[in-house]
J.: 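So that we are looking at the same thing, I have put the structure below in structure tokens.
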Amino acid sequence: MKLPSVRLYNTFTRRKEELRPLQPGVVRIYSCGPTVYRYAHVGNLRTFMLPDLLRRSLDYLGYRTEQVMNITDVGHLTDDTFDRGEDKMLVAARLEKKSPEEIAAAYTAAFLDDVRLLNIRPADHYPRATAYIAEMIALVGRLLEMGHAYVVGGNVYYDITSFPAYGRLSRNTVEKLVAGYRGEPDPRKRHPGDFTLWKAAGEHRTQVWDSPWGPGFPGWHIECSAMSMSILGDRFDIHTGGADNVFPHHEAEIAQSEAIAGHRVVSLWMHGGLLMLSGTRMAKSAGNFFRVTELEEQGFDPLAFRYLALQAKYRSPLNFSTEGLAGADRAVRQLRERVAAWSGGDGSVDAAFDERFRAALADDLDLPAAMAMVAELARSDLAPGVKAATLQAWDTVLGLDLKRGAMERDLPPGAADLITQREKARAAKDFATADALRERLKKMGVRVADAPLKD
RNA sequence: GGCGACGUAGCCAAGUGGUAAGGCAGAGGUCUGCAAAACCUCCAUCCCCAGUUCGAUUCUGGGCGUCGCCUCCA
């Protein structure tokens, strides 16, 4: 079976490129996952939708996929200049009076719940950083041997001038990084842009490991090199992450992994656009964020957010607003009702529409075009059974639970009685009473829709 | 200061060198006791100024504006 050609935008080359899996038919993906010291917000989740849509699309087109998503349960300083930064895991642990392990476990569970709410399919592997400390130490050791790193007082730094391609991904250069460096340089670093591979443990650390350079903990970037190469090997097809990871995280990862491997490790880098809120980025640190569970509490279907995200190109920033979410919520519910109404009869997938749908997916995951096709199909004069069958097939990619019919819920106490009374009033053509009863039902949260009166 | 992205209808958001997908909202209509739903119809000339071109929203240059990264961040 010949697989269709798939073109994807590669951040590394800034072009759409044809996907050529190292192993024909199988696409192996590494995705930057969450740091589990806080709840994930919908902006984080949008980024995690990228590999989900990638996998669902590739599956639909006939490929097989294997995905690794790391769970970072260690480190991440608020500021790694000198030793003034605080470790986010430890801050959370202190504030919540729990151990780092408890914090990690709790937020990992919450993350998996959130992912489920958005119909993001789980990755095949969720390696935890703390389980790969030995691998990280080994990589740091190799980098030292190869002359890519140096030790200062228990800290190990990566020497970015030793890696000529440093800056390729983000289009920075070592010189420009010097010129544009904002912060106050750490005097222990040879170059202000050098980054930490291993950090000596400070006073109050509780997550500390022994290493050849003394007790400490790994730098932020080394974990992804260690986990990706340990599980997927030193060549794999796609690496995904948020746009904010391009620099420095992925730049550093390339410097680490490729210095050791001696060749390109990742064929294609994909980055998802950030979610904006009132003109500025939604971020944990800024505090302007929503959890998906909060949206749910406000009465929105979590998949309304998914619908919203599907309407925008994955690479573009997306402006989030309650208004926009409300529109998506309404749209997804209507679509489900229509699919329910069209179901039941016979019908198979419409080949012409499906071909266009596949072409959109293969063109750098053009889900906005796919969503426009959903509307076009719904409006078309194809048989209801064909529409239902086609949309249900597409939903394996869209993940909007289109098959889910109108929610069945119990009526509030007394509502059934009022409805009966109203029917009697309508039958007697006492419409004033009928309308009054409809108002009362509305206040109970029950909406009444009438069919035409018979005679 | 360095690197990058973007500026399309009330809101969100695609797209193309030849007069602009889609969703929500809005307007009119069909239907209905009324309403809702559904269905039909309508609703933009693409930040500004130059240039290239037979023709630019789409290409080039210059403005203005917004945003991201450069420190942890999806």
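In what follows, every chain begins at residue 1, and chains take the letters A, B, ... in the order their sequences are listed.
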J.: With a non-hydrogen cut-off below 4.0 angstrom, is A:Asp435 in contact with a base, only sugar-phosphate, or nothing?
T.: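 Here A:Asp435 touches the bases of the nucleic acid.
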J.: If you check the A:Leu308 side chain, which of B:A21, B:C34, B:C12 turns out closest?
T.: B:C12
J.: Measure CG/A:Leu437 against P/B:A35 and give the value in whole Å, please.
T.: 18 Å
J.: Using atom CG of A:Asn44 as one end and atom C1' of B:C72 as the other, report the distance to the nearest whole Å.
T.: 13 Å
J.: Which base sits across from B:U32 as a Watson-Crick or G-U pair, both distances under 3.5 Å?
T.: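 The base-pairing partner of B:U32, which may sit in any strand shown, does not exist here.
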J.: Might you confirm whether atom CZ of A:Arg291 has over 12 heavy atoms from other residues, nucleotides or ligands at distances under 6.0 Å?
T.: yes
J.: Measure CG/A:Leu275 against C1'/B:C12 and give the value in whole Å, please.
T.: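 My rounded result for the distance is 12 Å.
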J.: Establish, with yes or no, whether the OP1 or OP2 oxygen of B:G68 is under 4.0 angstrom from a side-chain nitrogen or oxygen of A:Thr280.
T.: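 For B:G68, OP1 or OP2 has a side-chain N or O of A:Thr280 closer than 4.0 Å.
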J.: Under 3.5 Å, is there an N or O donor on one side and an acceptor on the other linking the side chain of A:Asn172 and the base of B:G4?
T.: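 For A:Asn172, whose side chain was compared with the base of B:G4, there is no donor-acceptor pair (under 3.5 Å).
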J.: Holding to side chain to side chain donor-acceptor pair (under 3.5 Å), I want the full list of residues that pass it with A:His271, two or more places apart in sequence or in another chain.
T.: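 Scan of A:His271 (side chain to side chain donor-acceptor pair (under 3.5 Å), adjacent residues dropped) gives A:Thr11, A:His250.
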J.: Contact class for A:His41 vs. all strands (heavy atom < 4.0 Å): base, sugar-phosphate, or nothing?
T.: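 A:His41: base contact, heavy atoms under 4.0 Å.
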J.: Within the structure shown, what part of the strands sits under 4.0 Å from A:Arg330 by heavy-atom distance: base, sugar-phosphate, or nothing?
T.: sugar-phosphate
J.: Identify whether any heavy atom of A:Met373 sits under 4.0 Å from a base atom; if not, whether one sits that close to sugar-phosphate; answer base, sugar-phosphate or nothing.
T.: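 No contact.
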J.: If you check the A:Met276 side chain, which of B:A14, B:C11, B:G68 turns out closest?
T.: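 Side chain of A:Met276 sits closest to B:G68.
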J.: In whole Å, measure the gap between the P atoms of B:G18 and B:U60 for me.
T.: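 It works out to 16 Å between them.
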J.: When you compare B:G7 with B:C48, how far apart are their C1' atoms, in angstrom units rounded to a whole number?
T.: 11 Å
J.: For the side chain to side chain contact (heavy atoms under 4.5 Å, CB included) test, which of A:Arg55, A:Arg121, A:Arg28, A:Arg56 pairs with A:Thr65?
T.: A:Arg55
J.: In terms of side-chain heavy atoms of A:Ser316, which of B:C39, B:G33, B:A14 is nearest?
T.: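 Nearest listed nucleotide: B:A14.
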J.: Quiz question: by atom type and distance under 3.5 Å, do the side chains of A:Thr390 and A:Asp350 form a donor-acceptor pair?
T.: no
J.: Measure from the side chain of A:Pro368, starting at C-beta and using heavy atoms only, and say which of B:C69, B:A14, B:C12 lies closest.
T.: B:A14
J.: Using whole Å, what does the distance between atom P of nucleotide B:U32 and atom CZ of A:Arg426 come to?
T.: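 Taking CZ of A:Arg426 and P of B:U32, I get 12 Å after rounding.
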J.: When both hydrogen-bonding distances must be under 3.5 Å and the geometry is Watson-Crick or G-U wobble, what is B:U53 paired with, if anything?
T.: none
J.: Looking at A:Arg15, I'd like to know if its CZ atom is crowded, meaning that more than 12 non-hydrogen atoms belonging to other residues, nucleotides or ligands lie closer than 6.0 Å.
T.: no
J.: Can you check the distance between B:A27 and B:U19, where both ends of the measurement are the P atom (answer in whole Å)?
T.: 32 Å
J.: Would you measure the distance from the P atom in B:U8 across to the matching atom in B:G4 and give it in whole Å?
T.: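 22 Å, rounded to whole Å.
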J.: Between B:C59 and B:A37, how many Å separate the two P atoms, rounded to a whole number?
T.: 41 Å
J.: Could you tell me how far apart A:Glu337 (CD) and B:C39 (P) are, to the nearest whole angstrom?
T.: 11 Å
J.: Please pick, from B:G2, B:G22, B:C11, the nucleotide with the shortest atom-to-atom distance to any side-chain atom of A:Ala372.
T.: B:G22
J.: Give me the residues of residues 237-246 of chain A where at least one heavy atom lies under 4.0 Å from an atom of RNA chain B, by number, or none.
T.: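 Heavy-atom cutoff 4.0 Å gives A:Gly241, A:Gly242, A:Asp244, A:Asn245.
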J.: Using a cut-off of strictly less than 4.0 Å, decide whether A:Arg338 has a side-chain nitrogen or oxygen near OP1 or OP2 of B:A37.
T.: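 The answer is no; no side-chain N or O of A:Arg338 sits under 4.0 Å from OP1 or OP2.
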J.: Between B:A37, B:A13, B:G33, which one does the side chain of A:Phe431 approach most closely?
T.: B:G33
J.: Could you tell me whether A:Arg358 sits above the aromatic face of A:Tyr60, with NZ or CZ closer than 6.0 angstrom to the six-membered ring centre and within 45 degrees of the axis?
T.: yes
J.: Scan A:Phe320 against the nucleic acid and name what it touches under 4.0 Å (heavy atoms): base, sugar-phosphate only, or nothing.
T.: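 If one applies the 4.0 Å heavy-atom cut-off, A:Phe320 turns out to touch nothing in the nucleic acid.
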J.: Using the P atom in both, what is the distance from B:G63 to B:U53, to the nearest Å?
T.: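 Nearest-Å result for B:G63 against B:U53 at atom P: 23 Å.
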J.: Can A:Ser162 and A:His148 be counted as having a side-chain donor-acceptor contact under 3.5 angstrom?
T.: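 There is such a pair between these side chains.
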J.: Can you tell me the pairing partner of B:C67 across any strand shown, Watson-Crick or G-U wobble, with both distances under 3.5 angstrom?
T.: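 WC or wobble partner is B:G4.
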J.: On the ring face of A:Tyr150, is A:Arg190 found with NZ or CZ under 6.0 Å from the centre and within 45° of the axis?
T.: yes
J.: Could you give the distance separating B:A56 and B:G51 at their P atoms, to the nearest angstrom?
T.: 11 Å
J.: Remember a base hit wins even if backbone is also touched, and classify A:Arg38 as base, sugar-phosphate or nothing at under 4.0 Å, heavy atoms.
T.: nothing
J.: Using a 4.0 Å heavy-atom cut-off, does A:Arg168 contact any base of the nucleic acid, only the sugar-phosphate backbone, or nothing at all?
T.: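 A:Arg168: no heavy atom of the nucleic acid under 4.0 Å.
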J.: Check whether the side chain of A:Arg438 and the base of B:A35 form a donor-acceptor pair under 3.5 Å.
T.: yes
J.: Would you say A:Gln67 and A:Thr240 are linked by a side-chain donor-acceptor pair, where the criterion is simply a distance under 3.5 Å?
T.: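 A:Thr240 vs A:Gln67: no donor-acceptor pair found between side chains.
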J.: Whole-Å distance between B:G33 P and A:Asp430 CG?
T.: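 A:Asp430 atom CG is separated from B:G33 atom P by 16 Å.
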J.: For A:Ala369, answer base if it contacts any base atom (sugar-phosphate contacts may also be present), sugar-phosphate if it contacts only those atoms, and nothing otherwise; contact means non-hydrogen atoms under 4.0 Å.
T.: nothing
J.: Name the residue closer to the 5' end of RNA chain B, choosing between A:Arg14 and A:Pro248 according to the nucleotide with the nearest heavy atom.
T.: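 Result: A:Arg14.
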J.: Atom CZ of A:Arg315 to atom C1' of B:G4: distance rounded to whole Å?
T.: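 Taking CZ of A:Arg315 and C1' of B:G4, I get 13 Å after rounding.
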J.: Output yes when at least one side-chain N/O atom of A:Gln311 is less than 4.0 Å from OP1 or OP2 of B:A21, else no.
T.: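 Looking at the OP1 and OP2 atoms of B:A21, neither is under 4.0 Å from any side-chain N or O of A:Gln311.
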J.: Given A:Lys313, which of A:Asp366, A:Asp364, A:Asp363 fulfils the salt bridge (Lys or Arg N to Asp or Glu O under 4.0 Å) condition?
T.: A:Asp364
J.: Find the partner of B:C42: check Watson-Crick (N1-N3 plus N6-O4 or O6-N4) and G-U wobble (N1-O2, O6-N3) distances, both under 3.5 Å, and reply none if neither fits.
T.: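 The base-pairing partner of B:C42, which may sit in any strand shown, is B:G26.
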J.: Answer with base, sugar-phosphate or nothing: what part of the nucleic acid does A:Gly279 contact at a heavy-atom distance below 4.0 Å?
T.: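 Sugar-phosphate contact only - A:Gly279 comes under 4.0 Å of backbone atoms but never of a base.
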J.: Does any nucleotide pair with B:C72 by Watson-Crick or G-U wobble geometry, both distances under 3.5 Å, and what is it?
T.: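 B:C72 is unpaired by these criteria.
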J.: Do you see a donor-acceptor pair shorter than 3.5 Å between the side chains of A:Asn10 and A:Glu17?
T.: yes
J.: In whole Å, what is the span from the CG atom of A:Leu318 to the P atom of B:C12?
T.: 10 Å
J.: From B:C24, B:G23, B:G68, pick the nucleotide closest to the side chain of A:Gln334?
T.: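 Nearest nucleotide to the side chain: B:C24.
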J.: Write down the distance separating the C1' atoms in B:C54 and B:G15, rounded off to the nearest Å.
T.: 24 Å
J.: Taking any strand in view, what nucleotide pairs with B:A9 in a Watson-Crick or G-U wobble way, both distances under 3.5 Å?
T.: none
